[in-house]
Enquirer: 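Encoded as structure tokens, here's the structure I'll be asking about.
In what follows, every chain begins at residue 1, and chains take the letters A, B, ... in the order their sequences are listed. Predicted, not measured: the structure shown is a model, and the values here were computed from it.
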Number of protein chains: 2
Amino acid sequence: MLRISKITDYGTLVLVHLARCDDGRLCPASDVSAGTHIALPTVQKVLKILTRGGLVESARGAGGGYRLVRAPEQISAAEILDTLEGPVALTECSHTDSHCKLEPNCQVGGAWQKISQAIRAAMNDITLADLRTPPNEFPLRYTILHASGHATRQSK
Amino acid sequence: MLRISKITDYGTLVLVHLARCDDGRLCPASDVSAGTHIALPTVQKVLKILTRGGLVESARGAGGGYRLVRAPEQISAAEILDTLEGPVALTECSHTDSHCKLEPNCQVGGAWQKISQAIRAAMNDITLADLRTPPNEFPLRYTILHASGHATRQSK
DNA sequence: CCTAAATAGGACAATTTTAGTCCAATATGC
DNA sequence: GCATATTGGACTAAAATTGTCCTATTTAGG
Ligand code: FES
Ligand code: FES
């Protein structure tokens, strides 16, 4: 189904919340939980991952909490994906270390990698700020240039 | 990790093999297994899915086998993905029927859907014929037009 | 007919992944 | 000291995936 894990889904909501509370103040996990209606333990887990991934910074102790490490406009969807579920790799063969035993006979591995890169490129251009905006008119157009040189435009 | 299932990976190899043997002749599962070095039971499973999905047609009995239902140029990666792992839906909320309880408070659901569509559009323009070609120079360029109208081009 | 070659359909257990919660340790402010 | 918070990891239950196998059905050919 080519789906993302719930952790990533939650993570996005959490990041959006932090972007909202973003007057530079620290926001404790309990706040995030209340604001997103996600159970506190889950929020804590997500925030830990985001902190380790370097997307948010934390302060411990009383008065502590979390805060975006950068402006929402400078956090890409690709980074979020990478942090929350590791680098995009559609097939196992795409991994540099994992060696598929079919590789000698395989003709498609390279193509999947290209598709991965296309997806990655798509997410590179979408920032947390884009996600934060109300999802009404979200201008997104997609173009692939074929070898022939003619471009097909898809939008819907 | 945003990965596809192994079934889909196998399915692609199987389709490529069928595209190779494509002199219109029927190709039994045992042949596909030998050609792809994938275990026979797995190949059988994959071919059953592809047949039900309408990507290949089958003939039973002695002399039977499988055959692409269309030319490789007219089978898109999106179709393959849809058939083998169901429609692309990054988040559960993207599903029309599944109703996320966070929906009233959620600000990002729409954006994920847009990203899904971008991915879908990417795979719409890639055909089985593209996958079949040796993965050397696979011309793919990706462009998103922002609201501002300026286009960023990504290629690597 | 009879047999061998094939697909159709689904059941099945084993493995792996995911989800969500909880606990003990540590750090901070008052 | 004490309440507030993060840190790190352990842990279990549930869900998804994987790969194989079994039985029924269909077809070609002698
Ligand atoms: S290299 Fe593993 S399937 Fe192609
Ligand atoms: S609608 Fe479910 S998380 Fe947005």
Side-chain angles (χ1 to χ4, degrees), chain A residues 1-11 13-14 18 21 25-34 36-67 69 84-86 89-92 95 98 100-102, chain B residues 1-11 13-14 18 21 25-34 36-67 69 84-86 89-92 95 98 100-102:
Chain A
M1 212 184 347
L2 198 58
R3 74 191 228 294
I4 60 178
S5 65
K6 286 203 174 177
I7 288 290
T8 302
D9 203 356
Y10 293 152
L13 297 213
V14 166
L18 288 182
C21 301
R25 223 184 315 287
L26 287 166
C27 188
S30 53
D31 260 43
V32 178
S33 172
T36 57
H37 299 95
I38 302 171
L40 180 56
T42 303
V43 170
Q44 290 171 325
K45 183 179 193 172
V46 168
L47 281 168
K48 278 185 264 190
I49 298 173
L50 290 173
T51 304
R52 265 179 249 170
L55 256 50
V56 308
E57 57 190 7
S58 62
R60 296 166 71 152
Y66 296 90
R67 178 171 40 190
V69 81
L84 288 164
E85 31 195 282
L90 290 188
T91 67
E92 294 189 41
H95 263 108
S98 138
C100 173
K101 64 184 171 190
L102 299 172
Chain B
M1 210 185 352
L2 197 59
R3 73 189 230 296
I4 60 178
S5 65
K6 287 201 173 178
I7 288 291
T8 302
D9 203 356
Y10 293 152
L13 297 215
V14 167
L18 287 182
C21 302
R25 223 185 317 286
L26 287 166
C27 187
S30 52
D31 260 42
V32 178
S33 172
T36 57
H37 298 95
I38 302 171
L40 179 57
T42 304
V43 170
Q44 291 171 324
K45 183 179 193 173
V46 168
L47 281 168
K48 279 185 264 190
I49 298 173
L50 291 173
T51 304
R52 266 179 248 168
L55 255 49
V56 307
E57 57 190 7
S58 63
R60 296 167 71 155
Y66 297 91
R67 177 169 41 190
V69 80
L84 288 164
E85 32 196 283
L90 290 188
T91 67
E92 294 190 42
H95 264 107
S98 137
C100 172
K101 64 184 173 192
L102 299 172

Enquirer: Regarding Pro28(B), tell me which of base, sugar-phosphate or nothing describes its non-hydrogen contacts under 4.0 Å with the strands shown.
Expert: sugar-phosphate
Enquirer: Could you state the atom-to-atom distance from CG of Asp31(B) to C1' of dA6(C) in whole Å?
Expert: 12 Å
Enquirer: Quick one: Glu85(B) CD to dT17(D) C1', roughly how many Å, whole number?
Expert: 11 Å
Enquirer: Under 3.5 Å, is there a donor-acceptor pair between the side chain of Ser33(A) and the main chain of Ala29(A)?
Expert: no
Enquirer: dA10(D) C1' sits how many Å from Gln44(A) CD, rounded?
Expert: 15 Å
Enquirer: Considering only side-chain heavy atoms of Ala62(B), which listed nucleotide, dG9(D), dT18(D), dT27(D), is closest?
Expert: dT27(D)
Enquirer: Considering just the side-chain nitrogens and oxygens of Tyr10(B), establish if one lies under 4.0 Å of OP1 or OP2 belonging to dG19(D).
Expert: yes
Enquirer: With respect to the phosphate group of dT7(D), does any side-chain polar atom (N or O) of Ser58(A) fall under 4.0 Å of OP1 or OP2?
Expert: yes
Enquirer: Which of the following nucleotides, dA8(C), dA3(D), dG9(D), is nearest to the side chain of Thr51(B)?
Expert: dA8(C)
Enquirer: Rounded to the nearest Å, what distance is computed from the CG atom of residue Leu26(B) to the C1' atom of nucleotide dT26(D)?
Expert: 14 Å
Enquirer: Assign each of Lys48(A) and Pro41(B) to its nearest nucleotide of DNA chain D by heavy atoms, then name whichever residue's nucleotide is nearer the 5' end.
Expert: Lys48(A)
Enquirer: Given that Ala59(B) and Lys45(B) both sit by DNA chain C, which one's nearest nucleotide is further toward the 5' end?
Expert: Ala59(B)
Enquirer: Quick one: CD on Glu85(A) to CD1 on Ile49(A), what's the gap to the nearest 0.5 Å?
Expert: 10.0 Å
Enquirer: Looking at Ile38(B), is its backbone amide N or carbonyl O close enough to the side chain of Thr42(B) to form a donor-acceptor pair, meaning the two atoms are under 3.5 Å apart?
Expert: no
Enquirer: I need the CG-P distance between Leu47(B) and dA8(C), as an integer number of Å.
Expert: 9 Å
Enquirer: With the side chain of Tyr66(B) defined as its heavy atoms from C-beta on, choose the nearest nucleotide among dT6(D), dT7(C), dG8(D).
Expert: dT7(C)
Enquirer: Can you tell which of dA4(C), dT7(C), dT18(D) lies closest to the side chain of Lys6(B)?
Expert: dT18(D)
Enquirer: Is Val69(A) close to Val56(A) at the side-chain level, that is, under 4.5 Å between some pair of heavy atoms?
Expert: no
Enquirer: Rounded to the Å, how far apart are Leu50(B) CG and dG9(C) C1'?
Expert: 16 Å
Enquirer: Grab the CD1-C1' distance between Ile49(B) and dG19(D) for me, whole Å please.
Expert: 12 Å
Enquirer: Which one, dT4(D), dT17(D), dA19(C), comes nearest to the side chain of Ile7(A)?
Expert: dA19(C)
Enquirer: Which residue lies toward the 5' end of DNA chain C, Thr42(A) or Arg60(A), if each is placed at its nearest nucleotide?
Expert: Thr42(A)
Enquirer: To the nearest Å, give me how far apart CD1 (Ile4(A)) and C1' (dA16(D)) are.
Expert: 17 Å
Enquirer: Is a side-chain donor-acceptor pair under 3.5 Å present for Thr8(B) with Ser5(B)?
Expert: yes
